[in-house]
Every structure is written in C-alpha cells, then in structure tokens.
A.B. asks: 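Got a structure for you, questions after.
Whatever order the structure lists them in is the order used to number ligands and atoms, beginning at 1.
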Amino acid sequence: MKIEEVQSTTKTQRIATHSHVKGLGLDESGAALQAAAGLVGQELAREAGGVVVDLIKSKKMAGRAILLAGPPGTGKTALALAMAQELGSKVPFCPMVGSEVFSTEIKKTEVLMENFRRAIGLRIKEVKEVYEGEVTELTPCETENPMGGYGKTVSHVIIGLKTAKGTKQLKLDPSIYESLQKEKVEVGDVIYIEANSGAVKRQGRSDTFATEFDLEAEEYVPLPKGDVHKKKEVIQDVTLHDLDVANARPQGGHDIMSMMGQLMKPKKTEITDKLRKEINKVVNKYIDQGVAELVPGVLFIDEVHMLDIECFTYLHRALESSLAPIVVFATNRGKCAIRGTDDITSPHGIPLDLLDRVMIIRTLPYSQDEMVQIIRIRAQTEGLQIDDESLALLGVTGAKSTLRYAIQLLTPASLLAKINGKDCINKDDVEEITELFYDAKSSAKILAEQGDKFMK
Ligand SMILES: Nc1ncnc2c1ncn2[C@@H]1O[C@H](COP(=O)(O)OP(=O)(O)OP(=O)(O)O)[C@@H](O)[C@H]1O
Ligand SMILES: [Mg+2]
C-alpha cells in the first residue's frame, strides 16, 4: 500500500452562505451563548451538537446516526458545518447532498460508499529521519540551463533551519524546491523535510512571528527543540478514500512516455470492491500493530429525503460495519413518501427501521429579533453597510417569508444603494427591492389568485 504519495481528496465545500459560522459558540460547560462564533439562538440544538462533538472526539459515536430536523432556513446546514469546525481539521468531515447519488454513470451505492470512506480517517505514525526547524533562509541557486537555450534552471536550494539548539544550512535538490513552493513555505515558517523522500511538510508559522492583530487563521507553532537532523515520529492523516484513490491511480513514472500513456486513459480508474477489501485488510493489520489509529469522522448527508429506499437499506447495513463513521442527516421534510416506494409514507421520508436508530436534533424557527441579529452578521461578513431601520425591515420580511429569503435580499439591496450613490443600505433600498422580487409565499399567493392566466 502506498502511503508516502497519498494525496488528500477532501472535497471543497460550498459554504459561501455559511462563511460567518465559525463554531458552535458554546462555553466551557457546554451551554450555548446567545450569540457566539457566528451563530445566534437555536440554543438547544447547538448544545446537542456540542454533545455529539464530544462523543465523536472521545470516539464513542462510530456507527451511529443523528438527524437534524426542522423547517427550511432554521440553520440545519449551518449547524452541521459548525460541528465540523468544532471537530477541527484532524477529524474528517465529508459533506454531501442526498441528490448526489443520482448519476447515470456511477451506481448509487458506489457514491455512498465513496463518501463513507471519505469520512473515515486513519492516523499513521511512523518514525522518520527528518530535518526540522524554523526557516531562516531560502535561496534558490540558478545556473545556465544544461540543456542549452537561454533559460536558467534552479540547480539547488540553500535552506537554513533553526531549532532551539542550533542552526543548520542544507543544500537541497531542486525537486524539493518545488515541494517548498507547493507548501508555500516562507522564511519564518516551521517545516520538516523527510530525508528519504524529500517530502516537505509545513507545520505552521513560528510563534516568534505571532502578532496580536493577526486576522488570518494561521497556526502558530513553537520553535522545535533538539537537533535539526533527527528521528521524528511523523503523523500523517489520510482517509480511507485517499488510500483507495492512491492505489487505483495508474502507476507510472514522470518520464515523457508514461505521461503520454496516461493521457488517453481515463483519469479515474475504477476503485473496485476487491481493492477496498485489500485496503481494509492492510488497514486492520496496521491498526492491530499499533502503527495506525482509526479516526471515525462525520458523513453529513443534507436533504436526506432525496435518498431512495435502496440507499437507505445500504446505509443501514453500512452503519453496522466495523469501519463506519458517524452519519449526520438533515431534512426539512415532515411526513412524506419514501422515494423508490409506491406509497410508504414515513416521518421525514426515512424508513422507520433506520429512523429507529437515529438520534434527532430539532431546529426551531427563529424569532424576529434573532433574524435581525443573523442578518446583521451576514451583512458584516459580506462587507455591506446597512442601517438599523433597514435591518428591522428585513427582519420583518424574514419573519413573513423565510430567513434565507431575507438574507438573499442583502446583496441586491446593496447594489441598489450603490446605484443610488450611497455606501450604506437604507430603508428605501430595502423597500424598493422587496417590491422588485417576490418570495415563495407571495408568488404562490399570486398563482392561486390568477391561476387561470398561466399555462397548465
Ligand atoms: N443560528 C444561526 N446563526 C447564524 N446564522 C444562521 C443561523 N441559522 C441559520 N443561519 C444562516 O441562515 C441561512 C439559512 O440557514 P441554513 O441554510 O442552515 O438552513 P437549513 O435549515 O439548512 O434550511 P434548508 O432546510 O432549506 O436546507 C444560512 O446562510 C445560515 O448560515
Ligand atoms: Mg440546508
């Protein structure tokens, strides 16, 4: 099994509408603060989320399922993402939407299986020979291109590494320079370079560079102790899916012929059940030997009512397996038919036997004040200025239709304000914009009144 070259396949998330959510906003005792970490109200659900996070961290939750249930726009997705933030980057969190399973190319269960394995982490410990320290200098040395031509190439890199004990200057291969660039290493970062593979890992910024006003989410690490050149226990976090992909990729070198050979082949070779079984076997062996540790993460399935009976059955079985993550579902449906059945209705569109094993967290509608608070936070994150009167007005709109609709009005209102030559959104802009657009409810009302004018 290849471990050295395993690359992360973490999905990039579409969290633009939730970018203000930084965590669950709980105090030390686990009680929710009214407004903290970008979240407002919904205290009970947030506290429940905190309990789940604690259970996951203490590894008592694997193979269980949680359901976030509540009306649209009550913060289910936001809550799930807040839980992901609380879990930190070391615990895998894989978000997906129920409808993702429907594709003409891939089997539904295959999509589910892939996401299951994205949510199971493996922490591999290895003792490696490394060079570690704070970067004090980083100079690429150029020479004439040996292949001729006028260009110059990097012949080697001089890098200075400092630890509490001393400083060492290394002369490194140009290929390491590429890895250094990929990791965006700068002077003042703490890094280590693996002696065998030349792999570079940036651990964070040295804490001598920490400033009070740093807004960026930078991780500060202390100056390493001991020698620059040493044996170090290196910890690598991968997911089972990372391993699947790394082992399924067509093998080949970096010379031109094998590069060409890969062009015509499909990028993604099949990850077969057989391959997965093999990997599970190796993983289990590593776990038994104490080389690796299993880190069950979270699989978040939003809009779970979009799954059909086949998927539910599969999920039920997958939850029983020994390598299972915690599954968090979310839905805004009440009693409805289960997809893929003729007429079996069930609460939330989830079969009763599966529903029986989930713990349900309810999200409740927001009060008008809470909506105003949330809209204000959103305006701040989007960098929009808005006066109190307009905020109150949007709060009313939110209470009448939905929170999401009120939030969506922010950007058009700010555009309108700009057109009218203002920096700050005021009451007139909001009024004008609510006249221009309809929310779902008023549109439905118009349809009901003038239904005969529309095509059937
Ligand atoms: N308690 C909260 N604090 C701050 N922002 C919130 C809160 N609840 C929801 N929001 C924001 O309101 C918007 C709508 O919430 P969200 O998308 O989480 O609703 P949902 O329950 O997932 O709705 P749906 O059922 O339609 O998927 C998002 O931009 C979200 O970030
Ligand atoms: Mg949602």
Side-chain angles (χ1 to χ4, degrees), residues 13-27 31-50 53 66-86 93-100 298-307 327-336 347-350 360-384 386 391 394-395 397-414 439-441 444:
Q13 304 172 4
R14 273 183 49 198
I15 50 159
T17 53
H18 306 286
S19 51
H20 59 284
V21 178
K22 300 275 181 279
L24 285 166
L26 307 175
D27 66 12
L33 305 164
Q34 201 275 333
L39 284 183
V40 176
Q42 208 67 268
E43 282 90 351
L44 287 179
R46 280 161 60 198
E47 283 169 22
V53 167
I66 305 280
L67 172 65
L68 294 166
T74 48
K76 296 180 293 296
T77 308
L79 206 64
L81 293 172
M83 278 162 63
Q85 307 260 18
E86 294 285 338
F93 181 87
C94 173
M96 70 174 284
V97 181
S99 49
E100 267 176 50
V298 177
L299 171 63
F300 172 52
I301 308 183
D302 211 350
E303 324 271 333
V304 64
H305 50 264
M306 293 303 293
L307 296 181
V327 183
V328 177
F329 302 117
T331 181
N332 54 20
R333 295 298 152 96
K335 213 171 163 64
C336 64
H348 311 297
I350 300 174
I360 300 178
I361 301 178
R362 245 164 40 108
T363 55
L364 303 171
Y366 294 110
S367 70
Q368 196 165 317
D369 284 343
E370 284 168 338
M371 288 204 189
V372 170
Q373 268 180 298
I374 294 174
I375 298 167
R376 179 177 283 134
I377 296 177
R378 260 329 285 179
Q380 272 165 8
T381 19
E382 285 178 36
L384 308 175
I386 179 163
L391 271 176
L394 280 177
T397 317
K400 257 196 281 175
S401 56
T402 63
L403 171 63
R404 183 172 295 128
Y405 174 68
I407 291 180
Q408 268 167 0
L409 288 181
L410 272 177
T411 318
S414 85
D439 66 309
K441 272 184 203 155

A.B. asks: Do any N/O atoms on D302 end up under 3.5 angstrom from N/O atoms on ligand 1?
C.D. replies: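 In fact, backbone or side chain, D302 has no N or O that close.
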A.B. asks: Please could you name the atoms of ligand 1 that P72 approaches to less than 4.0 Å, counting only its heavy atoms?
C.D. replies: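 Within the 4.0 Å cut-off of P72, ligand 1 contributes 23 (O), 24 (P), 25 (O), 26 (O).
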A.B. asks: Please determine whether any non-hydrogen atom of G73 lies less than 4.0 Å from an atom of ligand 1.
C.D. replies: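 Yes, that is the case, since the closest heavy atom of the residue is under 4.0 Å from the ligand.
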A.B. asks: Only heavy atoms of G75, strictly under 4.0 Å: list the atoms of ligand 1 that pass.
C.D. replies: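 The atoms of ligand 1 under 4.0 Å from a heavy atom of G75 are 8 (N), 9 (C), 15 (O), 16 (P), 18 (O), 19 (O), 20 (P), 21 (O).
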A.B. asks: Could you tell me, atom by atom, which parts of ligand 1 come under 4.0 Å of a heavy atom of L39?
C.D. replies: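 Near L39, meaning under 4.0 Å from one of its heavy atoms, ligand 1 has 1 (N), 2 (C), 3 (N), 4 (C).
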A.B. asks: Below a 4.0 angstrom heavy-atom separation, can you tell me which part of R378, side chain or backbone, both or neither, approaches ligand 1?
C.D. replies: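 For R378, no heavy atom sits under 4.0 Å from ligand 1.
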A.B. asks: Once you restrict to heavy atoms under 4.0 Å, what part of L403 touches ligand 1? Side chain, backbone, both or neither.
C.D. replies: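 The answer is the side chain of L403.
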A.B. asks: Kindly confirm whether the Mg ion (ligand 2) is within less than 2.8 Å of some N/O/S atom in T77?
C.D. replies: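 For T77, the answer is yes, given that an N, O or S atom comes within less than 2.8 Å of the Mg ion (ligand 2).
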A.B. asks: Taking only heavy atoms of G38, which atoms of ligand 1 are found under 4.0 Å from at least one of them?
C.D. replies: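 Per the distance check, 3 (N), 4 (C).
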A.B. asks: As an exercise, identify every atom of ligand 1 less than 4.0 angstrom from a heavy atom of H20.
C.D. replies: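 Near H20, the atoms of ligand 1 are 4 (C), 5 (N), 6 (C), 31 (O).
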A.B. asks: Nearest protein heavy atom to atom 22 (O) of ligand 1, by residue and atom, and its distance?
C.D. replies: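 The answer is T77 OG1, 2.7 Å.
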A.B. asks: For ligand 1, which atoms sit closer than 4.0 Å to a heavy atom of E303?
C.D. replies: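 Those of ligand 1 that fall under 4.0 Å from E303 are 27 (O).
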A.B. asks: Please classify the I374 to ligand 1 contact at 4.0 Å (heavy-atom distances, strictly less than): side chain, backbone, both or neither.
C.D. replies: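 The answer is the side chain of I374.
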A.B. asks: If the cut-off is 4.0 Å to any non-hydrogen atom of V40, which atoms of ligand 1 fall inside it?
C.D. replies: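 Reading through ligand 1 atom by atom, the close ones are 1 (N), 2 (C), 3 (N), 4 (C).
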A.B. asks: Side chain of H348, backbone of R333: donor and acceptor closer than 3.5 Å?
C.D. replies: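 Indeed, once roles are kept as given, a pair shorter than 3.5 Å links the two residues.
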A.B. asks: Got N332 and H305 here, is their nearest side-chain heavy-atom distance under 4.5 Å?
C.D. replies: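 Yes, their side chains come closer than 4.5 Å.
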A.B. asks: Taking atom CD of E47 and atom CG of D27, what is their separation to the nearest 0.5 Å?
C.D. replies: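 The distance works out to 8.0 Å.
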A.B. asks: What do we get for K76 next to ligand 1 when only non-hydrogen atoms under 4.0 Å count, side chain, backbone, both or neither?
C.D. replies: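 Both parts.
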A.B. asks: Just jot down the ligand 1 atoms closer than 4.0 angstrom to any heavy atom of A78, in number order.
C.D. replies: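 Per the distance check, 18 (O), 30 (C), 31 (O).
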A.B. asks: Decide whether Q42 and T74 meet the rule of one side-chain donor and one side-chain acceptor closer than 3.5 Å.
C.D. replies: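 Checked: Q42/T74 side chains show no N/O donor-acceptor pair below 3.5 Å.
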A.B. asks: Under 4.0 angstrom from ligand 1, any heavy atom of I377?
C.D. replies: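 Judged by the 4.0 Å heavy-atom criterion, I377 does not count as contacting ligand 1.
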A.B. asks: Side chain of R362, backbone of G70: donor and acceptor closer than 3.5 Å?
C.D. replies: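 Checking the backbone N and O of G70 against the side chain of R362, no donor-acceptor pair under 3.5 Å is found.
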A.B. asks: When you look for heavy atoms under 4.0 Å from ligand 1, do you find them on the side chain of L79, its backbone, both, or neither?
C.D. replies: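 Neither part.
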